Amino acid sequence: MSFQAPKGVPEYLPPRSAIFLAVREAFAAAAGNAGYSYIEVPVFEDTELFARGVGESTDVVSKEMYTFADRGGRSVTLRPEFTAGVMRSVLEHGLHTGQLPVKLWTTGPAFRYERPQAGRYRQLQQFDVEAVGTEDPAVDAETIAIAWSGYQALGLTQVRLLLNTLGCKQCRPAYRAALQDFLRGLDLDEATRARIEVNPLRVLDDKRPEVRAQVENAPLITDHLCASCKAHHDRVRALLEDLGVPWEDTPRLVRGLDYYSRTTYEFDHPLLGAQSGIGGGGRYDGLSEDIGGPPLPGIGFAVGVDRIILAVEAEGLAATAPARVAVYGVPLGEEAARRMFTLVNELRAAGVAADMAFDGKGLKGAMKGADRSGATYAVILGERDIAAGSAQVKDLASGDQTAVPLAEIVTTLKEKLTQ
Ligand code: HAM
């Protein structure tokens with residue numbers, strides 16, 4: 001019997017897994033540079049947290065959650081996203097009672113029972129950034145700038161930023177009512193008519209051409225904003241302009257999660273086909289109260305690591321396999337293998353990435369391993385070398401080989417590698 005990974009769960013094997021780490025590192029550096037600290041939150045939470053936080057009317061909660069009863073009979077859910085869990089953790093540990101905003105980042109898998117296809121997975125990897133306890137539009141722009149610089153650091157040049165606002169508790173109800181009035185007058189199927197009553201904004205997001213044509217003249221949120229939402233939105237855009245981050249005003253942009261208010265945005269990659277959303281975020285000023293906390297605004301985003309890897313590949317940026325190590329040991333014989341083992345560990349302790357041939361491989365097999373490792377130098381140690389108290393250091397690019405006293409190998413290689 002043989003096993004396969006569960007359906008819709010991508011795995012990242014070497015050498016491709018190096019891109020996975022590079023994506024994480026690019027965003028971690030961008031978030032760290034902006035003063036965000038790492039937070040580790042649970043992979044599963046009380047089901048009710050997501051039902052209340054993300055919202056019962058969303059596809060994520062109503063159709064896609066991995067929910068099960070644990071052995072104690074509690075209903076738990078594998079996190080479909082990070083924001084609700086981060087907010088729960090901030091409230092539980094009182095982080096919001098200290099200096100504000102609380103700036104956090106986290107990363108890892110999230111779980112959504114979606115129909116798997118290229119770029120859409122059931123175990124998806126996110127990199128997530130949250131700033132809790134601020135209403136300053138500069139922080140909205142800051143989160144966008146962090147995501148933007150992450151994409152830039154990876155060399156991506158085709159990312160598009162789609163920007164919108166959803167208004168607030170003051171102005172959204174009137175807009176929602178106006179939109180519902182408009183939508184009720186259209187010729188729509190029953191499921192869509194039902195959606196008008198629950199989540200009318202989602203109808204604007206319908207991809208079917210016959211629906212698209214009908215909603216073309218639907219009222220837009222940007223024409224119904226209250227003065228403070230308009231000022232907020234204008235400020236975010238002015239700051240993005242100052243930073244030179246290009247965006248597209250997208251008044252029909254709808255996010256798939258219920259907690260959003262005011263600023264919302266998505267990052268899109270044109271080479272990815274149907275699953276082109278490589279990141280998304282926005283304000284969630286009501287989330288804290290929705291999950292039983294005090295009024296506490298917040299803003300953040302998550303990028304999809306899986307899709308960014310596809311974008312890196314689509315733009316031809318996936319470098320050739322990175323070198324695993326700098327030095328590769330080739331011991332010939334039992335005694336040499338023993339000495340080489342110590343030498344390789346001394347190199348590692350000195351900060352030089354090193355590996356060696358195992359299983360008593362002969363010269364030919366061991367040199368093949370050296371080539372595959374991507375090492376710059378091979379250290380060859382035979383019986384005659386041991387007798388002479390030295391080893392052969394071979395430059396694997398040029399083929400030049402020199403004898404170096406065993407006692408000087410570590411310093412010599414360290415020097416050569418930093419030249
Ligand atoms: P989201 O738009 O649901 O937002 O997900 C963020 C990103 O995760 C998407 O843009 C996409 O790249 C990736 N993603 C989502 N679902 C899948 C999937 N099934 N397969 C592959 N990638 C996927 C959130 O999750 C919010 N929590 C973001 C946020 C943080 N808002 C405020 N703070």
Side-chain angles (χ1 to χ4, degrees), residues 7-10 12 20 23 27 31 36 39 41 45 49-50 53-55 58-61 63-66 78-88 90 101-132 134 139-140 142-144 146-147 150-151 156 159-162 164 166 202 205 253-269 272-288 290 297-312:
K7 199 172 167 215
V9 178
Y12 297 98
F20 183 95
V23 172
F27 286 90
Y36 287 70
I39 182 171
V41 286
E45 298 263 6
L49 173 70
F50 299 117
V54 174
T58 62
D59 283 354
V60 169
V61 169
K63 299 183 191 157
E64 298 171 358
M65 294 211 299
Y66 278 88
L78 300 184
R79 63 186 176 206
E81 57 109 53
F82 284 93
T83 313
V86 169
M87 183 59 101
R88 195 264 316 132
V90 165
V102 184
K103 302 216 268 185
L104 302 165
W105 68 267
T106 186
T107 184
F111 305 85
R112 297 182 187 180
Y113 194 81
E114 299 204 68
R115 202 152 43 81
Q117 63 178 80
R120 188 164 73 194
Y121 308 117
R122 289 180 174 168
Q123 176 172 307
L124 54 125
Q125 299 281 343
Q126 288 189 341
F127 186 95
D128 184 273
V129 162
E130 311 290 358
V132 174
T134 174
V139 185
D140 303 32
E142 176 175 280
T143 61
I144 292 172
I146 289 169
Y151 296 125
L156 292 169
V159 180
R160 293 163 61 210
L161 164 59
L162 313 176
N164 194 19
L166 289 178
R202 293 308 299 270
D205 201 28
L253 177 74
V254 178
R255 304 270 303 129
L257 313 166
D258 270 358
Y259 47 59
Y260 291 113
S261 60
R262 291 197 164 172
T263 308
T264 49
Y265 53 89
E266 282 187 358
F267 297 96
D268 199 76
H269 198 282
L272 294 192
Q275 306 304 319
S276 61
I278 56 171
R283 268 202 169 270
Y284 43 87
D285 293 346
L287 174 60
S288 168
D290 289 344
I299 168 90
F301 69 84
V303 297
V305 175
D306 310 276
R307 293 183 189 171
I308 295 173
I309 293 170
L310 296 174
V312 165

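Order of appearance sets the numbers: ligands from 1, and atoms from 1 within every ligand. Only heavy atoms go into these numbers, but all of them, side chains included; no hydrogens, no water, no symmetry mates. Keep in mind the model is a prediction, meaning the values are calculated, not measured.
In terms of the ring pair (Phe, Tyr, Trp, His ring centres under 6.0 Å) criterion, residue partners of F20 (sequence neighbours excluded) are, by chain and number, Y12. By the side-chain contact (heavy atoms from CB on, under 4.5 Å) test, Q275 pairs with Q117, R120, R307, sequence neighbours left out.
Between the CZ atom in R122 and the CZ atom in R112 there is a gap of 14.0 Å [rounded to 0.5 Å].
Listed by chain and number, E81, T83, R112, E114, G119, R120, Y121, L124, Q126, D128, E130, R255, L257, Y259, Y260, G277, I278, G279, G280, G281, G282, Y284, G300, F301, A302, G304, R307 each place a non-hydrogen atom less than 4.0 angstrom from ligand 1.
When the shell of 6.0 Å around OH of Y66 is examined, it contains more than 12 heavy atoms from other residues, nucleotides or ligands.
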Show me the donor-acceptor pairs, under 3.5 Å and distance only, between side chains in residues 123-130 and residues at least two apart or in other chains.
residue	atom	partner	partner atom	Å
E130	OE1	Y284	OH	2.8
E130	OE2	T83	OG1	2.9

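The side-chain heavy atoms of W105 and I146, taken from C-beta on, include no pair separated by under 4.5 Å.
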